[in-house]
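Computed from a predicted model, the values in this text were never measured in an experiment. In what follows, chains are A, B, ... by sequence order, proteins preceding strands, each numbered from 1.
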There are 2 protein chains.
Amino acid sequence: MRIKDIAKLAGVSPATVSRVMNNNGYVKEEKREAVLKVIKEVDYQPNPIAQSLKNQKSHMLGVIVPKISTETASRVVAGVTEVAKVHGYQVLIANTDLDIEEEINYLKFLSNKSVDGIIMMGTEVTDRHLAVMDKLAVPIVILGQEVKGYTSIIHNDYDASFSMTEYLIKQHHREIAFIGVDEKDEAVGVVRKKAYLDCLNKYAVKVDSKLMAIGDFDIDTGYQMMQQILTHKTPTAVFAVTDHLAIGAIHALLDAGLRVPDDVSVVGIGDIKLAAYLNPPLTTVHYTFKTSGKMAAEAVFELMEDDTKQGKRFMTTFELKTRASVKAI
Amino acid sequence: MRIKDIAKLAGVSPATVSRVMNNNGYVKEEKREAVLKVIKEVDYQPNPIAQSLKNQKSHMLGVIVPKISTETASRVVAGVTEVAKVHGYQVLIANTDLDIEEEINYLKFLSNKSVDGIIMMGTEVTDRHLAVMDKLAVPIVILGQEVKGYTSIIHNDYDASFSMTEYLIKQHHREIAFIGVDEKDEAVGVVRKKAYLDCLNKYAVKVDSKLMAIGDFDIDTGYQMMQQILTHKTPTAVFAVTDHLAIGAIHALLDAGLRVPDDVSVVGIGDIKLAAYLNPPLTTVHYTFKTSGKMAAEAVFELMEDDTKQGKRFMTTFELKTRASVKAI
DNA sequence: TTGTACGCGTTATCAA
DNA sequence: TTGATAACGCGTACAA
């Protein structure tokens with residue numbers, strides 16, 4: 001069913017049908033009703049693609065995620081879709097599976113008016129990303145990393161990580177192992193580690209490189225890194241930069257015959273849905289990922305209206321969730 | 001940049017540029033190179049919307065999910081995007097938040113050539129859904145529920161649930177509590193319960209309605225339903241129809257001073273990522289949600305080529321994951 | 001082997 | 001208040 005068919009059925013011109021559909025321009029009440037009647041009868045829905053071509057608006061938002069099957073990603077996407085829906089927008093998912101080439105390809109593809117705005121969940125933002133982003137035809141918001149000149153939604157990784165370390169120190173822990181990730185991920189790999197180190201220094205706690213391990217984001221990696229640390233020394237507490245790594249660490253500790261938290265305390269960051277239901281319930285930092293998604297979407301819509309507002313920096317809040325996985329000494 | 005601009009820059013007609021882009025028709029090697037050179041220089045990307053309008057193909061797949069921020073949904077979406085990518089397709093997410101009106105609206109909207117195919121993760125499929133689905137302009141595949149006349153990817157809920165119950169019985173459990181969900185969800189609410197009851201009957205285990213509770217999908221609901229059952233009687237095992245419900249149940253049991261699995265065994269269905277890392281590790285049924293997503297996408301692509309292949313019924317496999325949350329009597 | 005011209009379905013401009 | 005008509009950017013039949 002095209003607008004032309006509706007026009008024929010209602011005995012008017014396509015232009016009149018369009019006016020009725022979009023509620024603009026004058027149209028006699030009589031004809032309006034005739035058109036509406038036909039529209040209802042045949043359940044006419046305009047072709048969104050033709051509308052997009054004509055209006056130069058696709059009413060779609062693109063979201064580039066590094067890995068869709070993670071809780072973080074799905075919470076972000078949930079937030080984005082929620083705001084998008086309010087604006088009558090659809091959400092296009094581009095899953096890159098951590099492939100930088102894919103990320104750049106999607107940036108190019110999604111631009112060119114295929115979507116009206118892009119939200120990129122960043123891990124590593126390289127110069128090549130920037131080169132492409134500079135030429136983008138549509139507004140973009142980066143989520144999870146800070147990028148100069150671009151609106152970014154960042155999680156307060158520094159303060160969160162610092163607070164968490166400080167919390168452990170205030171529970172009188174002095175041998176705090178660190179399980180981190182590669183520095184390619186600026187927010188998680190660099191910032192969280194820096195905050196940990198800064199905090200140790202502030203409280204004059206000696207940094208012991210034997211208590212530190214760096215790997216990827218997998219639960220199993222957390223397990224292995226914990227094992228590796230244990231070969232050197234048994235800490236009184238473990239600070240893992242994500243909840244998954246913390247879970248892996250806990251299992252390594254248990255398998256080594258240690259009790260959590262009685263022998264070793266463990267904390268993570270992220271507050272995944274099950275963190276409170278683990279055994280022991282995990283002390284962690286709650287990040288408002290869904291809210292981040294909403295903020296990112298709102299920022300994109302703002303940029304769509306006024307692209308001079310680029311470069312804003314939003315910092316989301318966090319909350320320390322103290323649960324049973326930590327025991328004071 | 002439009003095709004016309006490229007043509008001008010390369011000193012040819014738009015038609016020639018199009019021929020080069022799509023590798024069809026004759027074009028002299030010399031001109032081809034000139035065109036390719038310009039395309040590379042200006043990094044020309046054709047407008048996907050104009051292409052869609054012309055080709056009557058959007059190269060997009062729509063996925064209707066009841067709740068994007070669940071692990072099931074994200075695993076399904078991961079599978080769909082993976083297959084979509086192979087076919088050069090994008091994935092449009094429609095998150096309905098369990099709202100039936102939204103589901104129907106999206107079905108209508110996504111049709112009309114906005115997408116070339118639809119995958120619907122079903123919960124309840126009402127007559128109104130069917131009325132809309134019958135008129136759909138694009139192929140659709142239902143995932144998670146069986147719908148007559150439509151290609152469906154179903155998880156073998158009956159056998160999975162039966163096997164799980166049977167497993168508990170073979171561990172000599174006779175007082176097996178059941179924590180289920182409302183019958184609106186055919187697969188989870190009806191089929192899994194029926195299999196549980198059938199299995200009890202087969203082994204001549206008495207059904208005790210006091211040991212059964214029905215609620216929604218939340219962890220907390222699992223907690224409350226377990227508490228409710230405990231007011232009547234303490235079973236030797238608990239069969240929860242999802243892992244989340246099982247987790248809630250475990251916590252209710254622990255809070256009631258019971259040990260898992262020493263006093264009460266607990267099982268779930270779904271095998272969420274953390275199931276193996278819970279304490280105790282959860283005995284559950286592994287469903288291949290990502291594979292389901294892939295199958296659904298492949299089925300949609302098949303239907304796009306040949307829509308007479310409608311009505312196929314794919315059953316995914318499952319695997320019993322026996323872990324420490326069950327103890328034989 | 002190449003270019004011109006039309007149409008995909010819509011909206012907006014202009015003239016009536 | 002209405003209707004023809006011209007775009008939007010692309011692909012392709014047809015003519016050259």
Give the rounded distance in Å between these two atoms: CZ of B:Arg32 and C1' of C:dT1.
-> 12 Å
How many Å lie between OH on A:Tyr26 and P on C:dA12, as a whole number?
-> 16 Å
Could you state the atom-to-atom distance from NE2 of A:His59 to P of C:dT11 in whole Å?
-> 10 Å
Going by heavy atoms in the side chains, are A:Tyr150 and A:Lys312 under 4.5 Å from each other?
-> no
Lys/Arg-Asp/Glu bridge criterion (N-O < 4.0 Å) met for A:Arg2, A:Asp5 = yes
For C:dT10, does either OP1 or OP2 sit under 4.0 Å from a side-chain N or O belonging to A:Asn55?
-> no
For A:Lys67 and A:Ala73, which heavy atoms make the closest approach, and how far apart are they?
-> O-CB, 3.2 Å
Pick the nucleotide of DNA chain C nearest each of B:Glu29 and B:Gln56; which residue has the one closer to the 5' end?
-> B:Glu29
D:dC10 phosphate, OP1 or OP2, under 4.0 Å from B:Tyr44 side-chain N/O | yes
If only side-chain N and O atoms of B:Gln51 are considered, is one of them under 4.0 Å from the OP1 or OP2 phosphate oxygen of D:dG11?
-> yes
Could you give the CG-to-P distance, from B:Asn24 to C:dT2, as a whole number of Å?
-> 13 Å
Donor/acceptor link under 3.5 angstrom from A:Lys54 side chain onto base of C:dA12 = no
Side-chain contact check for A:Pro46: nearest option of D:dG3, C:dT10, D:dT2 is C:dT10
Under 4.0 Å between a side-chain N/O of B:Thr16 and OP1 or OP2 of C:dG3, yes or no?
-> yes
Are any of B:Asn47's side-chain N or O atoms less than 4.0 Å away from OP1 or OP2 of D:dC8?
-> no
Take B:Arg19 and B:Asn112, find for each the nucleotide of DNA chain C with the closest heavy atom, and name the residue whose nucleotide sits nearer the 5' end.
-> B:Arg19
Got a salt bridge between B:Glu33 and B:Lys37, using NZ or NE/NH1/NH2 to carboxylate O under 4.0 Å?
-> no
Strictly by modelled atom types, are B:Gln90 and B:His59 linked by a side-chain donor-acceptor pair under 3.5 Å?
-> no
Nearest-nucleotide 5' precedence on DNA chain D, B:Leu53 against B:Pro14 = B:Leu53
For the pair made of NZ in A:Lys28 and P in D:dT1, what is the distance, rounded to whole Å?
-> 8 Å
A:Met21 has an atom CE; how far is it from atom P of C:dT10, in whole Å?
-> 8 Å
